[in-house]
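Side chains included, hydrogens not; waters and symmetry mates left out as well; all remaining heavy atoms used.
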Amino acid sequence: MSYLENINSPKDVKKLNIEELEALCGEIREFMIDTVSKNGGHLASNLGTVELTVALHKVFNSPTDQLVFDVGHQCYTHKIITGRREVFSTLRREGGISGFTRPVESKHDIFSSGHSSTSISAAIGLAKAKSLKGEKGKVVAVIGDGALTGGLAYEALNNSGNENSNLIVILNDNNMSIGKNVGTVAKNLTTIRTSPKYNTFKNKVTRGLAKIPKVGQQLIRSITAINQRIRKRVYKSTLFEDLGFRYYGPIDGHDLDALIDAFRVAKAHNHSVLIHVNTTKGKGYDYAERNPSKFHGIGEFNIDTGEPIPSGDTFSSVFGDSLLCFAEKDTRICAVTAAMASGTGLSKFAEEFPRRFFDVGIAEQHAVTFSSGLARNGMIPVFAVYSTFLQRSYDQLIHDVAMQGLKVIFCIDRAGFVGADGESHQGLFDTAYLMSIPELTVFAPTYFDELSSMMYQAIYKEKKAVAIRYPRGSEGEKPEGYSYEKEAYSVFGDEDRDVCIVSYGREFNNCYAAMKECDNAYVIKLNRIKPIDESVVEHLKGAKRILFFEEGIKTGGVGEVFASLLEENGVNASFEHIAVNDEFVKQASVDKQIEMYSLDKDSVIKRVNTFNG
């Protein structure tokens with residue numbers, strides 16, 4: 001690592017020539033693959049943006065020039081260059097650096113992100129603030145890897161244009177966002193337009209014309225108008241020029257010379273610029289190049305084989321297999337995803353039933369309303385989505401589904417703690433907002449067979465919208481003899497005991513394990529968390545103390561609704577709600593996060609044993 005070991009800031013990149021920069025890119029890839037194989041992370045997207053990021057830091061002066069990475073999951077090279085090389089081994093680990101951009105981590109991380117399609121909006125605001133304050137520097141938004149399928153990106157493009165002279169948008173096109181939309185003429189023209197010799201010549205001509213009395217400025221305007229008409233003819237298949245951007249592209253995103261030339265031209269502009277860059281997702285690691293979706297977000301894996309460390313069945317895979325079985329017998333069932341087919345377990349469904357599988361791109365709002373249209377015309381849409389991404393569709397959940405009484409089924413993956421992805425990806429908020437939506441039923445399975453049974457209930461027994469939320473990973477140990485019989489709740493232990501522990505979902509495992517080691521507690525497991533069956537209060541009349549353990553945000557959560565139910569029914573037992581307080585949960589292992597918020601078995605036992613009767 002003869003070059004990488006000397007990179008401690010962007011200034012060190014600027015000292016290197018092209019050959020040295022190319023060698024540096026190779027070393028960064030090797031370093032990155034080694035780290036992600038141990039820590040997990042977003043590998044393919046980061047391998048595709050190595051040259052792009054190195055070229056950015058060669059030309060621009062971060063943080064005076066502000067770089068905004070969309071989603072933030074393509075920022076690993078940026079982190080390595082901006083002083084975090086020595087701590088890169090802590091990526092995604094407790095107390096280590098984040099897998100996304102985080103301003104609290106470095107002055108070079110301008111905007112915190114983890115969700116898609118936000119970069120251009122943020123960059124426009126940053127650029128406008130710079131202009132208003134008279135500050136120097138450009139603002140560069142790097143968007144791609146599907147983020148241009150999100151509606152927010154187009155709202156931002158529509159709001160940018162001519163007036164943001166310090167705004168540069170780089171479209172990282174790795175065939176995961178938009179297709180090729182310009183041809184050979186456009187490529188050749190871009191090569192000419194980004195050539196330093198061409199721009200030097202152009203500037204000299206412009207300065208010379210300006211000196212001609214009376215007709216000089218008119219000649220410049222005429223030439224500029226002709227230039228614009230030519231560009232419009234050549235780039236007629238792009239919308240960027242019409243939106244007010246000076247468009248350059250497509251450019252080979254792995255050609256450092258071409259990237260550096262283009263970025264230098266863009267930096268010299270006094271106009272909004274969009275640079276279209278073609279990259280290969282997974283570049284430099286054969287397994288990731290051949291299967292970029294697999295290496296988009298991956299856990300630990302074997303570098304030599306490209307195979308992940310086996311983890312067995314997961315809720316995601318069980319969901320996918322169950323939906324496939326239902327769909328084989330019922331042609332009304334459709335699967336909808338927002339660019340997460342593999343992550344949510346829908347890959348087999350997509351292969352088996354391509355006409356009933358819909359990947360709408362990173363457009364969760366559209367996915368929900370699209371599903372409502374399917375439902376209105378007699379289909380049974382199942383939208384598989386991560387909890388953290390469903391947050392973006394709150395209005396559509398209310399207005400387009402629940403209010404209209406439509407039967408859309410939301411299978412919410414990664415509910416609860418998610419571990420190493422950190423603050424932006426925790427699935428802790430869905431319960432709070434789902435509990436507020438009228439006429440929506442919410443199930444919370446703890447075990448695989450419960451998930452399958454609840455899916456059957458949602459498809460064939462419920463008449464309106466249903467959400468089923470389940471955690472990342474595998475199931476816990478099931479109580480001996482327990483079988484889910486579609487009951488709203490289940491009771492475990494002797495109800496004559498003083499302390500009742502109430503929980504749902506994955507957290508039930510810890511509560512049940514704790515109960516077995518306590519002699520004064522029993523457990524109620526909620527299978528349906530909305531609406532809560534009011535008959536549950538009959539099992540609480542003898543309790544002196546009720547402890548509600550919830551793997552979710554406390555404010556507005558299921559525990560608060562349960563507490564209201566107790567008060568309305570005159571249950572006089574003391575009540576404690578143990579959940580995540582008013583804060584964002586940082587990255588750590590899931591087990592550690594559960595322990596940090598007093599939801600592990602030992603914490604439950606300790607809480608139970610503080611009761612003196």
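Side-chain atoms of Ile97 and Phe88, non-hydrogen and from C-beta on, do get closer than 4.5 Å to each other. In this structure the side chain of Leu43 reaches within 4.5 angstrom of the side chain of Met32, judged on heavy atoms. By the 4.5 Å heavy-atom criterion applied to side chains, Ser503 and Leu526 are not counted as neighbours. Under the 4.5 Å side-chain criterion, counting only non-hydrogen atoms from C-beta, Phe69 is not in contact with Ile143. Two residues are said to be in side-chain contact when any heavy atoms from C-beta on lie closer than 4.5 Å; Phe358 and Leu374 meet this criterion. In this structure the side chain of Phe549 never reaches within 4.5 angstrom of the side chain of Val502, judged on heavy atoms. You'll find the side chain of Ile529 reaches within 4.5 Å of the side chain of Arg469, heavy atoms only. The shortest side-chain heavy-atom distance between Ile532 and Val558 falls under the 4.5 Å cut-off.
With rounding to the nearest 0.5 Å, the separation of CG in Leu440 from CE in Met403 is 13.0 Å. Taken from NE2 in His577 to CD1 in Ile546, the straight-line distance is 13.0 Å, to the nearest 0.5 Å. Between the NZ atom of Lys79 and the CZ atom of Arg84 there is a distance of 4.5 Å, given to the nearest 0.5 Å. In this structure, CZ on Arg392 lies 5.5 Å from CD on Glu364, to the nearest 0.5 angstrom.
Of the charged side-chain nitrogens involved, at least one lies within less than 4.0 Å of a carboxylate oxygen, so that Lys348 and Asp321 count as a salt-bridged pair. Using a 4.0 Å cut-off between charged nitrogen and carboxylate oxygen, Glu300 and Lys38 do not count as a salt-bridge pair. For Glu307 and Lys294, the salt-bridge test passes: some basic side-chain N is under 4.0 Å from an acidic carboxylate O. We find that Arg506 and Glu475 are not joined by a salt bridge, their nearest charged nitrogen and carboxylate oxygen being 4.0 Å or further apart. Comment: Lys541 engages Glu538 in a salt bridge, judged by a side-chain N to carboxylate O separation of less than 4.0 angstrom. In this structure, Glu487 does not pair ionically with Arg528, as no charged nitrogen and carboxylate oxygen lie closer than 4.0 Å.
Between Lys586 and Gln593 the shortest heavy-atom distance is O-NE2, 2.9 Å. Taking every heavy atom of both residues into account, Ala335 and Leu346 meet most closely at CB-CD2, 3.9 Å. Taking every heavy atom of both residues into account, Phe319 and Cys411 meet most closely at CE1-SG, 3.4 Å. In this structure, Thr118 and Ser113 approach most closely via the heavy-atom pair OG1-CB, 4.3 Å.
Side-chain contact of Ser474 with Asp313: a donor-acceptor pair under 3.5 Å is absent, judged by distance alone. A donor-acceptor contact closer than 3.5 angstrom links the side chains of Lys554 and Asn581. Between the side chains of Ser424 and Arg102, a donor-acceptor pair is found at a separation under 3.5 Å. There is no side-chain donor-acceptor pair under 3.5 Å between Tyr504 and Thr446. Tyr394 and Asp430 form no side-chain donor-acceptor contact under 3.5 Å, judged by distance and modelled atom types alone. Between the side chains of Ser574 and Glu576, not a single donor N or O lies within less than 3.5 Å of an accepting N or O. Side chains of Asp70 and Ser119: a donor-acceptor N/O pair is present below 3.5 angstrom, by distance only. Between the side chains of His42 and Gln74, no donor-acceptor pair is found at a separation under 3.5 Å. In the model, Tyr460 has a side-chain atom that pairs as donor or acceptor with a side-chain atom of Asp330 under 3.5 Å. Side-chain contact of Ser45 with His296: a donor-acceptor pair under 3.5 Å is absent, judged by distance alone. No donor-acceptor contact under 3.5 angstrom links the side chains of Asp109 and Thr101, judged on distance only. A donor and an acceptor atom, one from each side chain of Asp533 and Ser535, are located under 3.5 Å apart. For the 3.5 Å distance criterion, the side chains of Thr610 and Arg545 qualify, holding a donor opposite an acceptor. Side-chain N/O atoms of Ser316 and Arg472 include no donor and acceptor closer than 3.5 Å.
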request  = Take Tyr447 and Asn509 through the side chain to side chain contact (heavy atoms under 4.5 Å, CB included) test and state the conclusion after the steps.
outcome  = CA-CA 10 Å; Tyr447 306 108; Asn509 291 306; 3.1 Å; yes
inquiry  = What verdict does the side chain to side chain contact (heavy atoms under 4.5 Å, CB included) test give for Arg356 and Ile333, after you've listed the backbone C-alpha separation in whole Å, the side-chain angles of each residue and the deciding distance to 0.1 Å?
reply    = CA-CA 7 Å; Arg356 287 189 276 149; Ile333 294 174; 4.3 Å; yes
request  = Could you please spell out the steps behind the side chain to side chain contact (heavy atoms under 4.5 Å, CB included) verdict for Glu583 and Tyr597?
outcome  = CA-CA 11 Å; Glu583 59 188 278; Tyr597 289 91; 2.9 Å; yes
inquiry  = Test side chain to side chain contact (heavy atoms under 4.5 Å, CB included) on Glu507 and Val604; report intermediate values, then the result.
reply    = CA-CA 10 Å; Glu507 179 56 20; Val604 176; 4.1 Å; yes
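Taking the ring centroids of Phe315 and Phe448, they lie under the 6.0 Å cut-off. Ring centroid separation for the pair His425 and Tyr386 does not come in under the 6.0 Å cut-off. Taking the six-membered ring wherever Trp is involved, the centroid distance between the rings of Tyr489 and His539 falls below 6.0 Å. In this structure, Phe357 has its ring center at least 6.0 angstrom away from the ring center of Phe353. Phe301 and Phe295 have their aromatic ring centers within a separation under 6.0 angstrom.
Between Glu450 and the choices Tyr482, Tyr484, Tyr470, the side chain to side chain donor-acceptor pair (under 3.5 Å) rule is met once, by Tyr482.
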